[in-house]
Amino acid sequence: MPEMPEMPERKRRRDPERHRAAILEAARQTFAERGYARTTLREIARRADVTHGLITRHFSTKERLFLAAVPGNRDLEQAAAGDPASLPDRIAHAFVQRMEANAADDPLVAVLRSAASDERAATELLTVMQERSAAVYRSVLSPGAPSGTDDLDMRVTLVGSQLIGITFIRYIAPTEPVASMPPGQLAEHLARVLRHTLFS
């Protein structure tokens with residue numbers, strides 16, 4: 001009886017969404033275990049069973065992968081969407097709610113904690129976060145206007161500095177009176193400051 005010819009091996013089907021999900025899950029686990037500075041894209045690729053190149057194709061850089069993977073940073077678009085006039089209130093309340101729920105896993109806390117041991121990495125992360133925030137704020141306050149034609153980017157930077165300050169004195173190095181202020185009261189105070197920064 002003649003031998004049956006061997007069937008050619010099937011090529012793996014490309015599944016970008018499955019690969020992306022695997023990368024994000026591996027990144028969450030690795031960042032949580034090793035911290036930002038000690039995590040490498042090659043280790044994430046190994047855990048996700050993908051190539052290093054596939055990670056850079058999906059996320060470009062380690063900084064952008066961190067921001068996509070770590071909980072707490074992905075809700076800015078949802079909080080910002082809506083009436084521009086009430087944007088400061090939405091941002092303030094969403095920020096306080098997010099931090100009160102799980103500050104330990106928030107990317108902003110991770111960035112600020114890493115600054116003491118790796119200033120370069122912290123600067124890179126804050127820069128990427130700032131760029132992303134500026135794009136989101138611009139989509140609500142000045143849609144269609146290119147960056148650099150007004151002072152919105154500067155005002156968004158000042159908003160970021162307020163959020164960094166609150167993060168530090170409430171969630172990293174608790175300092176009174178902010179440390180023990182009720183969350184609702186904190187959100188109201190923060191909203192007033194953000195409104196002045198964005199609209200005055």
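Side chains are part of it too, since the values below use all heavy atoms of this structure and drop only hydrogens, waters and symmetry mates.
The nearest pair of heavy atoms linking A173 to T175 is O-OG1, 2.8 Å. Summarising the geometry of P88 relative to A191, their closest heavy-atom pair is CB-O, 3.8 Å, with the distance given to 0.1 Å. When all heavy atoms of D153 and A134 are compared, the pair lying nearest together is OD1-CB, 3.9 Å. Closest heavy-atom contact between T30 and A26: OG1-O, 2.7 Å. When all heavy atoms of P183 and V96 are compared, the pair lying nearest together is O-CG1, 3.6 Å. Annotation for F199 and A85: closest pair CE1-O, 3.9 Å, computed over non-hydrogen atoms.
Counting non-hydrogen atoms of other residues, nucleotides and ligands closer than 6.0 Å to CD of Q185 gives a total above 12. Residue-environment remark: CD (E119) stays at or below the threshold of 12 foreign heavy atoms within 6.0 Å. Remark: Y171 OH is packed, more than 12 non-hydrogen atoms of other residues, nucleotides or ligands lying under 6.0 Å away. Atom NE2 of H52 has more than 12 neighbouring heavy atoms from other residues, nucleotides or ligands inside a 6.0 Å radius.
Atom CZ of residue F95 and atom CG of residue L108 lie 6.0 Å apart, to the nearest 0.5 angstrom. Separating the CG atom in L41 from the OG1 atom in T51 is a distance of 11.0 Å, to the nearest 0.5 Å. Interatomic distance, CD of Q97 versus CG of L186, reported as 12.5 Å (0.5 Å rounding). Going from atom CD1 of I55 over to atom NE2 of H19 covers 11.0 Å, rounded to the nearest 0.5 Å. For the atom pair CD1 of I164 and CG of L112, the computed distance is 6.0 Å after rounding to the nearest 0.5 Å.
Side chains of T56 and L65 form no contact here, defined as non-hydrogen atoms less than 4.5 Å apart. By the 4.5 Å heavy-atom criterion applied to side chains, D89 and R195 are counted as neighbours. Looking at L190 and L163, their side chains come closer than 4.5 Å, going by heavy atoms from C-beta outward. Between V178 and H189 there is no side-chain heavy-atom pair separated by less than 4.5 Å. When side chains are defined from C-beta on, V128 does not count as touching F66, because their heavy atoms never get closer than 4.5 Å.
Looking only at distances, no side-chain donor or acceptor of R64 sits under 3.5 Å from a matching main-chain atom of F59. Here the side chain of R170 pairs a donor or acceptor atom with the backbone of M181 at under 3.5 angstrom. Without hydrogens or angle criteria, S142 side chain to R138 main chain gives no donor-acceptor distance under 3.5 Å. The backbone N or O of L158 sits less than 3.5 Å from a side-chain atom of S161, completing a donor-acceptor pair.
For the pair D83 and R90, the salt-bridge criterion is not met [side-chain N within less than 4.0 Å of a carboxylate O].
Counted by atom type alone, E43 and T39 present zero donor-acceptor pairs between their side chains at under 3.5 Å.
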Check the pair I166 / Q162 against side chain to side chain contact (heavy atoms under 4.5 Å, CB included), numbers first and verdict last.
CA-CA 6 Å; I166 293 294; Q162 295 292 334; 5.7 Å; no

So L141 and V156, side chain to side chain contact (heavy atoms under 4.5 Å, CB included) or not? Walk me through it.
CA-CA 11 Å; L141 297 175; V156 172; 5.8 Å; no

If you apply the rule side chain to side chain contact (heavy atoms under 4.5 Å, CB included), what do you find for I44 with F31, and how did you get there?
CA-CA 9 Å; I44 293 172; F31 283 128; 4.2 Å; yes

In sequence, state the C-alpha distance, the side-chain angles, and the governing distance for M129 and R132, and then conclude on side chain to side chain contact (heavy atoms under 4.5 Å, CB included).
CA-CA 5 Å; M129 293 174 76; R132 180 175 177 272; 5.8 Å; no

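V193 and L87 fall into different hydrophobic clusters, where Ile, Leu, Val, Met, Phe, Trp and Tyr are joined by side-chain heavy atoms under 4.5 Å apart, directly or via other members.
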